[in-house]
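Working notes, structure below.
Quick note: residue numbers are just sequence positions, from 1.
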Amino acid sequence: PHPLPNSASAPTSGGWCAGGRLPRLRNVAETAISRSRFLTLVKGSIVASHKTKQWSVVTMSTIAFTVCFMVWMMFAVIGIPIKKALSLNETQFGLLVAMPVLTGSLIRLPLGMLTDKFGGRIVFVILMASTIIPIYFISYGTEFWHFLVTGLFVGVAGGSFTVGIAYCARWFPKNQQGLAMGIFGAGNSGAAVTKIVAPTLVLAYGWQYVPQVYAAVMLGTVILFWMFTFDDPAHKAGQGVSVAEQLSALKDPKVWKYCQYYSIVFGGYVALSLWMTKYYVAEYGFDIKDAAFLAACFSLPGGVLRALGGYFSDKFGAHKVTWWVLWFSWICLFVLSYPQTDLVVQTVTGPQSFHFGLNVWVFTALMFGMGIAWAIGKASVFKYISDDYPHNIGVISGIVGLAGGMGGFLLPIMFGALVDWTGIRSSCFMLMYGVVWVSLIWMYYTEVRKMDYMSGKHKHPADILE
């Protein structure tokens, strides 16, 4: 075979074939066909284009994040038979499903710093590999504390978001970062995948089979991710950036404001994804498979449509998108908060009974709409970050992700405590309604009022904010 045309080597590494080289099939074919009728791939094939590397990184990172989120949300399904077997109350169930979220939240800041310093590829691989054995060990748990401890180790998978969001964003120019981060964030749909796959495994083989299958899937994902992703030294913050300099972002009040927004659109998403399967079982009497399927109507759009949020944020600005997401959420939560109510009215013909409450179809439609809104909101918050902190994305996304994750940890526990205290299942939505209300007030006084956004005096208020 004849040698292929020479091409300048890119300074990136990784991927399949030594040195991160991928054959450009079109160029290879043109050269080979010019001298023979056979296509031969040889050592020294042309280095992959930057665009190829961009989309290979985003694609594999999204797949890896989807698997990590499947694992992170696993207790939302297997927690139901575990709750029954161990006779747990609502608060204990909330703690059970939220325990992995705790670790995944606390580890996000250090993971963001490591990503800025060493690059996303190696950090992502080590993170995923570290969860394989703990995932498998869940299947051998017999006591409540067994699941709490293994849940802490498995929760490391939730930190993959901070790694992947910084890793993907740096491969794209600023005007495409919202879309890239939105596509990666679609891995949140792993919550919906778990609600579809895990109940089938539980009913067919028992809940113990779920973590065993998930451990095998994670192992395969680690191998594929390493084969089809790349490194670029220019994406690292380098040795010159100290920990103190990275953590100085905590002094910026805008960072804390973004934390508040994200604690709703992500923290609330995680919390309700964990809570909804059991809610459908208790409130509407479905079995675990049907309940998980209906719960996926919230989880699935909340994940896959995040890319749409990235597109809208690039086009209209992070502020405008986030503002309307919060308003829509506030309205939905107001309706969802209303409990099932029986009312008796004394009339001239005697007592008349009336029933008020959401049926399952209206309830699911509202959850579906809110899932779409929060998918868009998750992307818009990170558009804020990529615009305001282009050279410190890892750390800032780690801080904001930690806040969102802590919301995902604390809210299910609070949901359970409220049900135990009030006996009202819809109290979880009452709590979320209050949180969104506070955020709208905060946003109005710090952004909308300051910019005179609602008066329309500024032509491009979102762009001015950013």
Side-chain angles (χ1 to χ4, degrees), residues 67-107 127-160 190-191 194-195 197-219 270-282 287-289 291-292 295 405-421 425 428:
V67 173
C68 288
F69 220 84
M70 288 170 59
V71 169
W72 213 37
M73 297 286 104
M74 182 168 46
F75 279 108
V77 175
I78 68 172
I80 294 174
I82 291 172
K83 176 181 183 291
K84 184 177 180 180
L86 300 181
S87 301
L88 305 180
N89 61 30
E90 297 293 330
T91 306
Q92 289 173 318
F93 176 78
L95 183 61
L96 172 67
V97 299
M99 192 56 68
V101 183
L102 175 62
T103 317
S105 305
L106 295 178
I107 202 171
L127 180 150
M128 290 190 290
S130 69
T131 66
I132 295 172
I133 293 176
I135 294 169
Y136 191 83
F137 278 176
I138 290 175
S139 61
Y140 293 97
T142 57
E143 301 289 339
F144 184 46
W145 70 268
H146 293 170
F147 299 108
L148 297 182
V149 173
T150 53
L152 283 173
F153 286 97
V154 169
V156 171
S160 59
T194 280
K195 288 179 173 63
V197 174
T200 303
L201 294 175
V202 170
L203 294 176
Y205 305 103
W207 70 262
Q208 293 88 349
Y209 199 72
V210 175
Q212 295 174 6
V213 170
Y214 278 22
V217 171
M218 181 65 82
L219 176 61
V270 170
L272 290 177
S273 293
L274 291 168
W275 198 254
M276 279 301 98
T277 301
K278 190 193 74 64
Y279 190 93
Y280 275 106
V281 171
D287 61 27
I288 187 173
K289 187 175 181 179
M406 287 304 295
F409 167 69
L410 294 172
L411 286 170
I413 299 173
M414 296 171 73
F415 292 168
L418 282 171
V419 174
D420 285 337
W421 179 46
R425 294 191 186 95
C428 59

Leu410 vs Leu102, side chain to side chain contact (heavy atoms under 4.5 Å, CB included): CA-CA, chis, key distance, verdict
CA-CA 8 Å; Leu410 294 172; Leu102 175 62; over 6 Å; no
Between the side chains of Tyr214 and Thr194, does any donor sit under 3.5 Å from an acceptor?
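Yes - a donor-acceptor pair under 3.5 Å links their side chains.
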Return the minimal non-hydrogen interatomic distance between [X] and [Y], and the atom names on each side.
X	Y	result
Thr103	Gly151	OG1-O, 4.4 Å
Ala157	Thr131	N-CG2, 3.8 Å
Lys195	Thr277	CE-OG1, 3.7 Å
Ala76	Ser273	CB-O, 3.9 Å
Phe415	Ala271	CE1-CB, 3.8 Å
Pro412	Leu274	CG-CD1, 4.1 Å

Rounded distance (nearest 0.5 Å) linking atom [atom1] of [X] with atom [atom2] of [Y]:
X	Y	atom1	atom2	value
Met414	Trp421	CE	CH2	11.0 Å
Met73	Ile78	CE	CD1	12.0 Å
Ile288	Thr200	CD1	OG1	10.0 Å
Trp275	Leu411	CH2	CG	11.0 Å
Tyr136	Gln212	OH	CD	4.5 Å
Ile107	Leu127	CD1	CG	6.0 Å

Could you check whether any side-chain heavy atom of [X] comes within less than 4.5 Å of a side-chain heavy atom of [Y], counting everything from C-beta outward?
X	Y	result
Val210	Val77	no
Ile82	Phe75	yes
Met74	Ile138	yes
Thr142	His146	yes

Does CD1 in Ile133 sit with more than 12 non-hydrogen atoms of other residues, nucleotides or ligands closer than 6.0 Å?
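No - once you tally the heavy atoms of other residues, nucleotides and ligands closer than 6.0 Å, there are 12 at most.
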Enclosure of Phe144 CZ (heavy-atom neighbours >12, cutoff 6.0 Å)
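Counting neighbours around CZ of Phe144, more than 12 heavy atoms of other residues, nucleotides or ligands fall under 6.0 Å, so yes.
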Say whether, by atom type as modelled, one donor and one acceptor occur between the side chain of Gln92 and the main chain of Asn89 under 3.5 angstrom.
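Confirmed, Gln92 side chain pairs with Asn89 backbone.
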Is the backbone N or O of Gly405 less than 3.5 Å from a side-chain atom of Ser105, with the two atoms forming a donor-acceptor pair by type?
yes
Only one of Val213, Val154, Ile132 forms a side chain to side chain contact (heavy atoms under 4.5 Å, CB included) with Met218, so which one is it?
Ile132
Applying side chain to side chain contact (heavy atoms under 4.5 Å, CB included) to Met406 and Leu106, what does each step give before you reach the verdict?
CA-CA 8 Å; Met406 287 304 295; Leu106 295 178; 4.0 Å; yes
Stepwise side chain to side chain contact (heavy atoms under 4.5 Å, CB included) test for Tyr279 and Cys428
CA-CA 10 Å; Tyr279 190 93; Cys428 59; 4.3 Å; yes
Should Trp72 and Phe409 be marked as a ring-ring contact (aromatic ring centres under 6.0 Å, His included) after you check the CA-CA gap, both sets of side-chain angles, and the distance that decides it?
CA-CA 11 Å; Trp72 213 37; Phe409 167 69; over 10 Å; no
Tell me whether the centres of the aromatic rings in Phe147 and Trp207 are closer together than 6.0 Å.
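Ring centres of Trp207 and Phe147 closer than 6.0 Å.
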Derivation of the side chain to side chain contact (heavy atoms under 4.5 Å, CB included) call for Cys68 and Met128:
CA-CA 7 Å; Cys68 288; Met128 290 190 290; 3.7 Å; yes
